[in-house]
> 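Mind having a look at this structure? Questions to follow.
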Amino acid sequence: MTMPHHALEITLTRPLTPAELHKAAHAMPLAANHDATRVMTVVRAKTPGKALNRLRHQMGGRLPIDVITTHYPDTDSKILLNVAFPPATHTALRAAADRAGQPPHLFLELAVHRALARHASEEANRLDQAVQRLLTHTTSPHLLAALGRALTHTPGAAPC
């Protein structure tokens, strides 16, 4: 049986120098974005969670890692996060999870889901209000045409 590979993205706490990237790339293949603040790699492991842990273990001392995420959703359509909290944060998280009667990983997962849902709702409300303000000064067809032009405009291209 072959072991699957998992595409992972590392968000760094600061940009890497070319020397740091070169040195880290000797441990495993890495691909950095244009400003070296994010790095992609592929890790062999039985599960995405094990791949995240393996990467943190292998690269934790070589890179200024902030967060490691799976690049593709897992079988439950979730993107997994691997965050190393400072001891004080870990203690506070464990205490809050205990008060809620949940394991820390579930407590954190549910808190992130609530925060994302709240953000999505606030963003939808903000956009609804902005559209209503725009509609006070124009018609729906004109607004829709302007939105279409804005969404299909290629930066640097000549205006239509």
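Scope of the values below: all heavy atoms of this structure, side chains included, with no hydrogens, waters or symmetry mates.
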> Would Leu52 and His6 count as a side-chain contact (heavy atoms from CB on, under 4.5 Å) if you check the C-alpha gap in whole Å, the side-chain angles of each, and the deciding distance to 0.1 Å?
CA-CA 9 Å; Leu52 290 169; His6 302 277; over 6 Å; no
> Any pair with a residue in residues 85-107 that passes side chain to side chain donor-acceptor pair (under 3.5 Å), sequence neighbours left out, goes on the list, sorted by first then second residue, please.
none
> Residues two or more places apart in sequence or in another chain: which of them pass side chain to side chain donor-acceptor pair (under 3.5 Å) with Gln58?
none
> Please name all residues satisfying side chain to side chain contact (heavy atoms under 4.5 Å, CB included) with Glu123, sequence neighbours left out, ordered by chain then number.
Arg126, Leu127
> Can you list everything that forms a side chain to side chain donor-acceptor pair (under 3.5 Å) with Lys50? Sequence neighbours excluded, please.
none
> From Leu106 CG over to Leu108 CG, what is the distance, rounded to the nearest 0.5 angstrom?
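So the CG of Leu106 and the CG of Leu108 are separated by 9.5 Å.
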> Go through the structure and list residues passing salt bridge (charged side-chain N to carboxylate O under 4.0 Å, His left out) with Arg14, not counting sequence neighbours.
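With sequence neighbours excluded, Arg14 shows a salt bridge (charged side-chain N to carboxylate O under 4.0 Å, His left out) to Glu20, given in chain and number order.
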> Report the residues that fulfil salt bridge (charged side-chain N to carboxylate O under 4.0 Å, His left out) with Lys46, sequence neighbours left out, ordered by chain and then residue number.
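By the salt bridge (charged side-chain N to carboxylate O under 4.0 Å, His left out) rule, Lys46 matches no residue at all.
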> Does anything in residues 34-45 form a side chain to side chain donor-acceptor pair (under 3.5 Å)? List the pairs, not counting sequence neighbours.
Glu9-Arg38, Asn33-Asp35, Asn33-Thr37, Asp35-Thr37
> What pairs of residues pass the side chain to side chain donor-acceptor pair (under 3.5 Å) test when at least one of them lies in residues 60-71, not counting sequence neighbours?
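Pairs touching residues 60-71 that pass the test: none.
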> Taking only residues two or more places apart in sequence, or in another chain, which ones meet His22 in a ring-ring contact (aromatic ring centres under 6.0 Å, His included)?
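Once residues adjacent in sequence are excluded, the partners of His22 under the ring-ring contact (aromatic ring centres under 6.0 Å, His included) criterion are His26.
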> Please identify each residue that fulfils side chain to side chain contact (heavy atoms under 4.5 Å, CB included) with His142, with sequence neighbours left out.
Thr138, Thr139
> Listed by chain and number, what are the side chain to side chain contact (heavy atoms under 4.5 Å, CB included) partners of Val42, not counting sequence neighbours?
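Listed in chain order: His5.
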> Any donor-acceptor pair under 3.5 Å linking the side chain of Arg56 with the backbone of Asn82?
yes
> Holding to side chain to side chain donor-acceptor pair (under 3.5 Å), I want the full list of residues that pass it with Ser140, two or more places apart in sequence or in another chain.
none
